[in-house]
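Okay, so here's the structure we're looking at.
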Amino acid sequence: MLSRGVRPDQSNFVAATSAVTGLGNLKLLESLRTLAMKANFEGDVVVGTAILNMYTRYDTRLDLAFRFFEGMLEKNEYSWSTMISALSQIGRLDDAISVYDKDPEKTIPSRCAMLTGYAQNGRVHEARQLFEQTRNPTVVSWNAMIAGYAQNGMIEEAMELFDRMPVRNSITWAAMISGCAQNGKNEDSLQLLAELHRRGMLPSHSCLTTSFFACGNIGALEMGRQVHSLAIKVGSHFNSYVGNALITMYSKCKNLGDVAQVFSRMKVRDTVSWNSLIAGLSQNSMLEDARNAFEQMPHRDAVSWTAMISAYVQAGQGNEALEIFLRMLREGIKPNSSTLAGLLSTCAGLGATKLGRQIHCLAFELGLELDIFVCNALITMYFKCGCVDAFGVFDDMPERDIVSWNSVLAGCAQHGFGREAFKVFEQMKAEGVLPNHVTFVAVLCACSHAGLVDEGRHYFNSMSSDYGLMPLNGHYACMVDLLGRAGRLCEAEDLISDMPIEPDSVVWGALLGACRIHQNAELGRKVAERLFQMEPGNSGNYILLSNIYASLGMWDEVGKVRKLMRDRGVSKEPGCSWTQTKNRLQYFVTGDRQHEQIEEMHALLKEFYGKLKANGYLPETNCVLHDIEEEQKENVLLCHSEKLAVAYSLLNTPSGTPIQIIKNLRICGDCHTFIKFVSKETGREIDVRDGNRFHHFIDGACSCGDYW
DNA sequence: ATAGGGTTAG
């Protein structure tokens, strides 16, 4: 056009800028802008606003966009609203507010942008004020307010506006249907879709997308199929949002055949389609397929990398997760708060404090150190690794959600900070945060671990009387544990028999654990038999019972339990457990290959012990490995040192394949032991029942991450 | 073209 000497007009420029959208090419944009200036359009509001809009999409910091906005000779209502909306979307709410304040007109678009800005940054009350001050709200104003309420969990208020508003459009319905689904009211959201349908209206792409989300949330496969055919009927199935939502819906409904079909029939697969596929596959434990999809996809974004990392995290493959992360960094992809949160939970699982600290540093570099997700993950990581730095992270948080409070309470429980847990709990209440079921599990666990029986009772009662929270099995399990550890086995038994809900195996398991501590073989046998019926495949119950007998020196009974296991074919998978009798530690190995396993472990332990010594970890010479005693050759290994037990438990993993792990020496293990561990850092007993890693207690320093 | 709605990771 230009080469033929035709001067482009306003609409040409607008069309050209819109064509540039999605190309992500800032240089192209700059040249368009130069062209506009040459063609004497630099002062044109419409062209200017179109250029501004382009800037807001590419410029992540918005500095260029803002400078351009400031320089605009003329601004219309949309120039203002575009700038306000862009600033508030990246969280620069204060700048958005000051732009809004400077707007002399404060037109409806400008107000709507500001309203949404407030709502998306959690300031619903200001959003509401803005809405209420608007004299003639348009349908856009109503929609913005409905969405604002829904995004802030105020679904009743949103519903009330929805019922009250004079005119609704398709966006109103989409906002309401989405609001319900986002707030766990999936059935309501599907009912709204049905009502929309009944009224003879056609559902928009957004309505369909969000309805699939709702179906997926509740696993409503049949409903999902019906909506799917509706989508085909209205021709929406080619829309990428709809297609992507279908992938997610079918994978949440565990219908992988349909996932594959939808994916293969899609005309255009964007990054979200691939990401949804990866997420769906990994959530259905098809890790290999997820990885293949990941390797095949054309453009991987931060979400793709994060999805793959968390797939490995969930599968317990921390090393793979880490390798993917390193590759991500090498390829220059910037991690976001979710990436870091996933990695931190891996560190927590591995007890990898050193790596955890490195990721903490990375969070500072990326400016994510105060991000709520990152902080919550940091708190859990530090606590699981036994570092009280968790408190510092918690204290520095500018805002906290229920997860933050629960994480800190759980940490107190794990580390025996009973009284501190109460303080945190009171502080939480004072700040007006309502405790939930998880909160009480943590508080009761803290009581149990600190041996605070009366306090535990008080909080247990307060749950239902003050907060209307009915105790669940987890809470009963804590109480049984609390009473049981305090030696009040009868009371624990009574509590179980008075339960209004059916006690699960965890509750009985807590009682069995108490029997183990107090060496009560009579009750232990009774409880264990019940557990054998409830979970016939769980070898842990058999081992616990045999540990009780072993602790009383009742070796005949130990033999009987082991025979029972063999007869019932329980211990196909090799497993191991620790127990302590007086001044000895015993290591039980179960499974068909017990004998060779012991030999192999023996050898590996010697090797490992040598490494420990070489690294200055076990200075005392009395930590000798005792030979297997004749009479318990088959199943019991004895040693005399608690420290050696720590070394042993380092090698132990919950998955029951200790040998492999030992060879790698990469993953430190979970210990199912009743040995008391005291943290050198806090001087307090560590609760090892909840997956705490304690290798650093060998010498106060974290050894993991060095891989020895 | 621009103010309001929708999919993926945690």
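Convention: sequence-line order gives letters A, B, ...; per-chain numbering from 1.
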Any idea which of [options] is nearest the [X] side chain?
X: A:Ser206; options: B:dG4, B:dG6, B:dT8; value: B:dG6
X: A:Asn239; options: B:dA3, B:dG6, B:dG5; value: B:dG6
X: A:Ala175; options: B:dG10, B:dG5, B:dG4; value: B:dG5
X: A:Val46; options: B:dA9, B:dA1, B:dG4; value: B:dA1
X: A:Ser178; options: B:dG4, B:dT2, B:dG6; value: B:dG6
X: A:Gln314; options: B:dG10, B:dG4, B:dT2; value: B:dG10
X: A:Ala279; options: B:dA3, B:dA9, B:dG10; value: B:dA9
X: A:Ala147; options: B:dG5, B:dA1, B:dG6; value: B:dG5
X: A:Asn275; options: B:dG10, B:dT8, B:dG4; value: B:dT8

- Got a sec, which residues hit ring pair (Phe, Tyr, Trp, His ring centres under 6.0 Å) with A:Tyr250, two or more places apart in sequence or on another chain?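 Ring pair (Phe, Tyr, Trp, His ring centres under 6.0 Å) check on A:Tyr250 returns A:His228.
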- Message: So, using ring pair (Phe, Tyr, Trp, His ring centres under 6.0 Å) as the criterion, who are the partners of A:His125 when residues are at least two apart?
- Response: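 Testing A:His125 for ring pair (Phe, Tyr, Trp, His ring centres under 6.0 Å), a comparison that skips the adjacent residues, returns none.
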- Task: Using a cut-off of strictly less than 4.0 Å, decide whether A:Gln89 has a side-chain nitrogen or oxygen near OP1 or OP2 of B:dA3.
- Result: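 Answer no for this pair, as no side-chain N or O of A:Gln89 is under 4.0 Å from OP1 or OP2.
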- Query: Counting just side-chain N and O atoms, does A:Gln182 come under 4.0 Å of either OP1 or OP2 of B:dG5?
  - Reply: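 Checking B:dG5 against A:Gln182, no side-chain N or O comes under 4.0 Å of OP1 or OP2.
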Side-chain donor-acceptor distances from residues 190-198 of chain A under 3.5 Å, at least two apart:
unit_1, atom_1, unit_2, atom_2, d
A:Glu195, OE2, A:Arg199, NE, 3.3
A:Glu195, OE2, A:Arg199, NH2, 2.6

- Message: Within residues 283-298 of chain A, which residues have any heavy atom lying less than 4.0 Å from an atom of DNA chain B?
- Response: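 Under 4.0 Å from DNA chain B: A:Gln283.
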- Does a distance-only test, which skips hydrogens and angles, find a donor-acceptor pair under 3.5 Å between the side chain of A:Thr210 and the base of B:dG6?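 Counting by modelled atom types and ignoring angles, no donor-acceptor contact under 3.5 Å is found here.
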- Task: Confirm from the modelled atom types if A:Asn336 and B:dG10 form a donor-acceptor pair under 3.5 Å, side chain to base only.
- Result: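 Counting by modelled atom types and ignoring angles, no donor-acceptor contact under 3.5 Å is found here.
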- May I have the step-by-step check of side-chain contact (heavy atoms from CB on, under 4.5 Å) for A:Tyr149 and A:Glu156, ending in yes or no? CA-CA 8 Å; A:Tyr149 278 139; A:Glu156 277 82 16; over 6 Å; no
- Mind checking side chain to side chain contact (heavy atoms under 4.5 Å, CB included) for A:Gln261 and listing every partner two or more places apart, or none if nothing turns up?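 Testing A:Gln261 for side chain to side chain contact (heavy atoms under 4.5 Å, CB included), a comparison that skips the adjacent residues, returns A:Asp258, A:Arg265.
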- Could you list the residues that satisfy side chain to side chain contact (heavy atoms under 4.5 Å, CB included) with A:Ile90, not counting sequence neighbours?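 Listed in chain order: A:Leu62, A:Arg92.
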- Message: Please give me the minimum heavy-atom distance between A:Pro335 and A:Leu329, naming the atom from each residue.
- Response: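 Closest approach of A:Pro335 to A:Leu329: CG-CD2, 3.8 Å.
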